[in-house]
Structures are given as structure tokens and as C-alpha cells.
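Below is one structure, written out as C-alpha cells; the observations come after it.
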Amino acid sequence: QVQLGESGGESVQAGGSLRLSCAASGYTYGTSCMGWFRQAPGKQREGVAAISPGGVTYYANSVKDRFTISRDNTKNTLYLQMNSLKPEDTAMYYCAADTRPYCGAVLYRGPLEEIHYNYWGQGTQVTVSS
């Protein structure tokens, strides 16, 4: 079955960096669309970044120029490099997968919308202190 396992979350000070990883299994990773989402306490889950099978990337305005999403199709792993972290980046971070055929052809319509993803990981906590 499809499994997504996030890792790399921890507590850091503002201005620091972290790299999150998401190990995927149980499906053809290379043809899937992948995304990172986050949910802060008391807030709705929001899309952070997404990447198509071909490597086209999308970012939320709040993280553009600070975060970088990437994928290694040889390792079935998704990454999120987070630099210049701010206290408002504190949240549980989730990776998500859209394993449906040709997801890349429609990802542009709403890459950071939850509805486009059919599998989710359990999350990894990122805490940024000021």
C-alpha cells in the first residue's frame, strides 16, 4: 500500500535552516505529483510547495525564495529545504502525493490545494523560536 513517511522536523531558532524528507513507497513515485503542506495550531492546513513529475515547482507566496522543493526519483524521496526560518513557519509539515495518471497535466490548476492529493503522510513537527 502507499506509504509516505516524513522526517527532519525539529526545533530551530529563527534564521536557521532545516531539510525535511518524505520517503514514498507502494506506488510509482516517478509519475506522481508531490506536495508539502503545513498546519499550525488553530489554523487550517495550507499548501507550501508542490512539484510535478517533470520537476515543475510551485510555492506559496509566504515561502517563496526561502523554501525549495525537490525530488529524487531514484530514491523515491521528496525534500523541502527551508532557509531563513521564521516563527510563523512553526507547524506540522505533511507531504502528500497525487498518484493518479497524468497528474502533472492538471497540477497547475491548483498545486497547493488539498483536493489534488490522494495520499498523506503523518507529519513532522517544525518549531521555530525567536
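Nothing fancy with the numbering, it's 1 onward along the sequence.
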Thr90 side chain to Thr127 backbone, donor-acceptor under 3.5 Å: no
Geometric cation-pi criterion, Arg71 with Tyr29: 6.0 Å, 45°: yes
Ser32 side chain near Pro53 side chain, heavy-atom distance below 4.5 Å: no
Non-hydrogen side-chain atoms of Tyr59 and Thr68 separated by less than 4.5 Å: yes
Residue pair Asn118 / Thr99, side-chain donor-acceptor N/O under 3.5 Å: yes
Geometric class of the Tyr27/Tyr119 ring pair [parallel <30°, tilted 30-60°, perpendicular >60°]: parallel
Ser17 and Asn83: side chain donor to acceptor below 3.5 Å: yes
Arg38 NZ/CZ over Tyr94 ring centroid, <6.0 Å and within 45° of normal: no
Glu6 side chain to Gly123 backbone, donor-acceptor under 3.5 Å: yes
Student check: side-chain heavy atoms of Glu46 and Gln39 closer than 4.5 Å: no
Closest approach of Tyr93 to Met82 (non-hydrogen atoms, all atoms of both residues): CE2-SD, 3.9 Å
Nearest-0.5 Å distance, CG of residue Leu112 to CZ of residue Arg45: 13.0 Å
Exam field: side chain Ser21 to backbone Tyr79, donor-acceptor pair closer than 3.5 Å: no
Short side-chain to backbone donor-acceptor contact, Arg66 and Gln81, under 3.5 Å: no
Heavy-atom side-chain proximity of Leu107 to Val56 below 4.5 angstrom: no
Shared hydrophobic cluster, Val2 / Leu78 (ILVMFWY, side-chain heavy atoms < 4.5 Å): yes
Pairwise distance CG(Asn73) to NZ(Lys75) - rounded to 0.5 angstrom: 12.0 Å
Thr28 side-chain N/O to Gly30 backbone N/O, donor-acceptor pair under 3.5 Å: no
Whether Trp120 side chain and Leu4 backbone form a donor-acceptor pair below 3.5 Å: no
Any side-chain heavy-atom pair of Cys22 and Trp36 under 4.5 Å: yes
Euclidean distance, Ser62 OG relative to Phe67 CZ, rounded to 0.5 Å: 7.5 Å
Contact summary for Ala50 and Tyr117, nearest pair of heavy atoms: CB-OH, 3.3 Å
Close side-chain approach of Val126 to Leu20, heavy-atom, < 4.5 Å: yes
hydrophobic_cluster_shared for Phe37 and Leu18, side chain cutoff 4.5 Å: no
Atom CD of Gln122: over 12 foreign heavy atoms under 6.0 Å: no
Pairwise distance OG(Ser129) to NZ(Lys86) - rounded to 0.5 angstrom: 15.5 Å
Gap separating the CD atom of Gln1 from the OG atom of Ser25, nearest 0.5 angstrom: 7.5 Å
Min side-chain heavy-atom separation Ser7-Thr124 under 4.5 Å: no
Donor-acceptor pair, side chain of Tyr58 and main chain of Val48, under 3.5 angstrom: no
Atom of Ala14, atom of Pro87 and distance for their closest heavy-atom approach: CB-CD, 4.1 Å
Heavy-atom side-chain contact between Arg19 and Leu80 under 4.5 Å: no
